[in-house]
Amino acid sequence: MKRITILGATGSIGSSTLDLVERAPEQFEVLALTANRDVARLAAAAIRTNAKRAVVADASCLGALRDALAGTGIDSQGGAEAVCDAARMGADWTMAAIVGTAGLRPTMAAMEAGGIIALANKEALVSAGDVMMAAARASTVTLLPVDSEHNAVFQCFDSAAAHRVRRIVLTASGGPFRETPLEAMRTITPEQAVAHPNWSMGAKISVDSATMMNKGLELIEAFHLFPVRADQLDVLVHRQSVVHSMVEYVDGSVLAQMGTPDMRTPIAYALAWPDRMATPCEPLDLARIGRLDFEAPDPVRFPALRLARGALEAGGARPAILNAANEVAVEAFLRRRIGFLEIAAIVADTLECYDPAAPETLDAVLAIDAEARRVAGERVKDCVA
Ligand code: NDP
C-alpha cells in the first residue's frame, strides 16, 4: 500500500488524481487531502477514500468541514499551517497540486518529510526554483514532474547521457486564441479564455494557456528540473496536443512522448513510477487524428512568452516577480477588472519597476512575491481607474 497525500485535492489535478486512486483502492492509503475553501468536495472525497485527515487552508471554513465530517473519524484541520502539517505527515507519495505560490510552503513542507513529490504546482518551482532545487538535492525526496510537457521530457530524457542532449522542445497548444484576429483579443472574456480547446483545467492555468504565460512558466520549470541551459529550451506550437514534448540528442534523434490529452496519463506515470499503471484514458488513435501540425509561436500575439524567457535568462528574483505579477493580473482578469491584453502589460510593468536581489531563502522568495503582488496590484488599480 502506498500512503498518499493530495495537496489541492478539490482542483482539476486533485480530482484526476483521486479518480485514479479510487480505481485502485487496494494500492493506496490516503493520509491527507487538502483544499482552500471547497468543503463539500473535500469532505466527500475524504469520506470516499477514508482519508485520515482533511484540511481547509481557509480557517473560516473549518467549522463547516467539522460538521461535514462529524461521526466519520476523519481528523479535520484548518489554516495555512495545518496544510503544511498535513504535508509533513510522512506520505510515501504527495501530489503538490495547489494553484499558485500558495502551494510553495506546503510543497517545501512535503519535501522536508521525504518520499516522492509529484509536482504539478509549477508556480512554486518558478518562484523558488533555486531554493527549492537546493532543498531537493539536500533531502531524500524524489521530484517527479506532473505537468504533461515535463512528464514527457522526463520519460524521454536519458540522464546518463545528459551531455548528449542538444535541445528540449516543449509543445504548446497555442490556446483558444491562436488564430483570433489581434484586434479582437482586446475584448476576450474570462469565459472565452478558460475554454481551452484540448485540456480541461482549472481557471488560472487555462488563462495562462490562453496568454501562453503557461509555456513561459514551463520554460522556467524545465530549466530547474533538467540539466540543460536556458538556450537549450525551445517552444513549438502543436495544436492537437498529442506530442507532449520532445528531447533532441546530438546525433539528430528526437524522442517524443505522445498520448491523448488527459492529465490522468502523466499523473498515473508519477503515481506508479518506476512502474506503470492502467488508466481509463482514451487510447491514442493517430489514424483518426490524421495529421499533427507544428509552428513557431507568434511573439506579437504572445508577449508573455517573451517576458518569461527574459526572466529565465536574467534569473535571480525575475521569475518570482513574473509569476507573482501574473497571478495578480490573471485574478483581476477573471474578476473582470482588467482586459485580456492587460495581463501581460501588468507583468511587464511590474518587472520594469521592481528589481530586488536574488532570493536565497524561502522567506526571501515569499517577501519578493508579496512586494511584486503589491506593485502589480497598484497597476491593476491604474487600469481600473
Ligand atoms: P484548480 O484551480 O482546479 O485547483 C486548485 C487547488 O488548490 C484546489 O484544491 C484549491 O482548493 C486549492 N487552493 C487554492 N488556493 C489555495 C490556497 N490559498 N491554499 C491552499 N489550497 C489552495 O487548479 P488546477 O488543478 O488546474 O492546477 C493546480 C496546479 O497544477 C497549478 O499550479 C497548475 O498550474 C498545475 N497544472 C495543472 C494542470 C491541469 O491540467 N489542471 C496541468 C499542469 C499543471 P479549493 O477548491 O478549495 O479552492
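Each ligand, and each atom within it, is numbered from 1 in the order the structure gives. FYI, side chains are in, hydrogens and waters are out, and symmetry mates aren't considered; it's all heavy atoms of this structure.
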For this session: May I ask you to say whether R379 pairs ionically with E342, meaning some side-chain N is under 4.0 Å from a carboxylate O?
Result: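 Result for this pair is no, no salt bridge flagged.
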[X] neighbourhood, listing ligand 1 atoms whose heavy-atom distance to it stays under 4.0 Å:
X	answer
N121	32 (O)
A57	19 (N), 20 (C)
A9	9 (O)
R37	45 (P), 47 (O)
G202	3 (O), 26 (O), 41 (N)
A120	30 (O), 32 (O), 35 (C), 36 (N), 44 (C)
A102	17 (C), 18 (N)

When you compare the side chains of [X] and [Y], does any donor N or O come within less than 3.5 Å of an acceptor on the partner?
X	Y	value
S241	N198	yes
R53	T5	no
D58	S60	yes
Q240	D293	yes
K122	N323	no
T101	D369	yes
S253	D251	yes

Considering only the protein, which heavy-atom contact is closest to [atom], and what is its distance?
atom	answer
atom 6 (C) of ligand 1	A97 O, 3.6 Å
atom 31 (C) of ligand 1	E123 OE1, 3.8 Å
atom 44 (C) of ligand 1	D147 OD1, 3.5 Å
atom 10 (C) of ligand 1	T10 OG1, 3.9 Å
atom 4 (O) of ligand 1	G11 CA, 3.1 Å
atom 3 (O) of ligand 1	S12 N, 2.9 Å
atom 25 (O) of ligand 1	I13 N, 2.9 Å
atom 21 (N) of ligand 1	I98 CG2, 3.5 Å

Problem set entry | Proximity winner for atom 23 (O) of ligand 1, if only heavy atoms of V99, N214, D208 are counted |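 Of the listed residues, V99 has the closest heavy atom.
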For this session: Please work out which of N36, L217, V55, T34 has its closest non-hydrogen atom nearest to atom 15 (N) of ligand 1.
Result: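 Shortest heavy-atom distance from atom 15 (N) of ligand 1: N36.
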Problem set entry | Close N or O approach (D38, ligand 1; < 3.5 Å) |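 It does: an N or O of D38 is found under 3.5 Å from an N or O of ligand 1.
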Problem set entry | Separation between NE2 of H224 and CZ of F226, rounded to the nearest 0.5 Å |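 Nearest 0.5 Å value for the NE2-CZ distance: 12.5 Å.
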For this session: Might you confirm whether atom CD of E313 has over 12 heavy atoms from other residues, nucleotides or ligands at distances under 6.0 Å?
Result: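 Yes.
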Exercise. At a non-hydrogen distance cut-off of under 4.0 Å, which region of M263 contacts ligand 1 (side chain, backbone, both, or neither)?
Worked result: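 Contact part for M263 vs ligand 1: side chain (C-beta onward).
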Exercise. Is it true that a side-chain atom of T187 and a backbone atom of A184 form a donor plus acceptor pair closer than 3.5 Å?
Worked result: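 Looks like yes, one N/O pair under 3.5 Å.
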For this session: Indicate yes or no for a side-chain donor-acceptor contact from H244 to the backbone of G259 under 3.5 Å, with no hydrogens or angles considered.
Result: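 Yes, because the side chain of H244 sits within donor-acceptor range (under 3.5 Å) of the backbone of G259.
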Exercise. At a 4.0 Å cut-off, with the gap strictly under it, does some heavy atom of I205 reach an atom of ligand 1?
Worked result: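 Yes; I205 lies near enough to ligand 1 that a heavy-atom distance drops under 4.0 Å.
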Problem set entry | K122 to ligand 1, any heavy atom closer than 4.0 Å |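 Under 4.0 Å: yes for K122.
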For this session: May I ask you to decide if the ring planes of Y269 and F154 are parallel, tilted or perpendicular, using 30° and 60° as cut-offs?
Result: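 Perpendicular, since the angle between the ring planes exceeds 60°.
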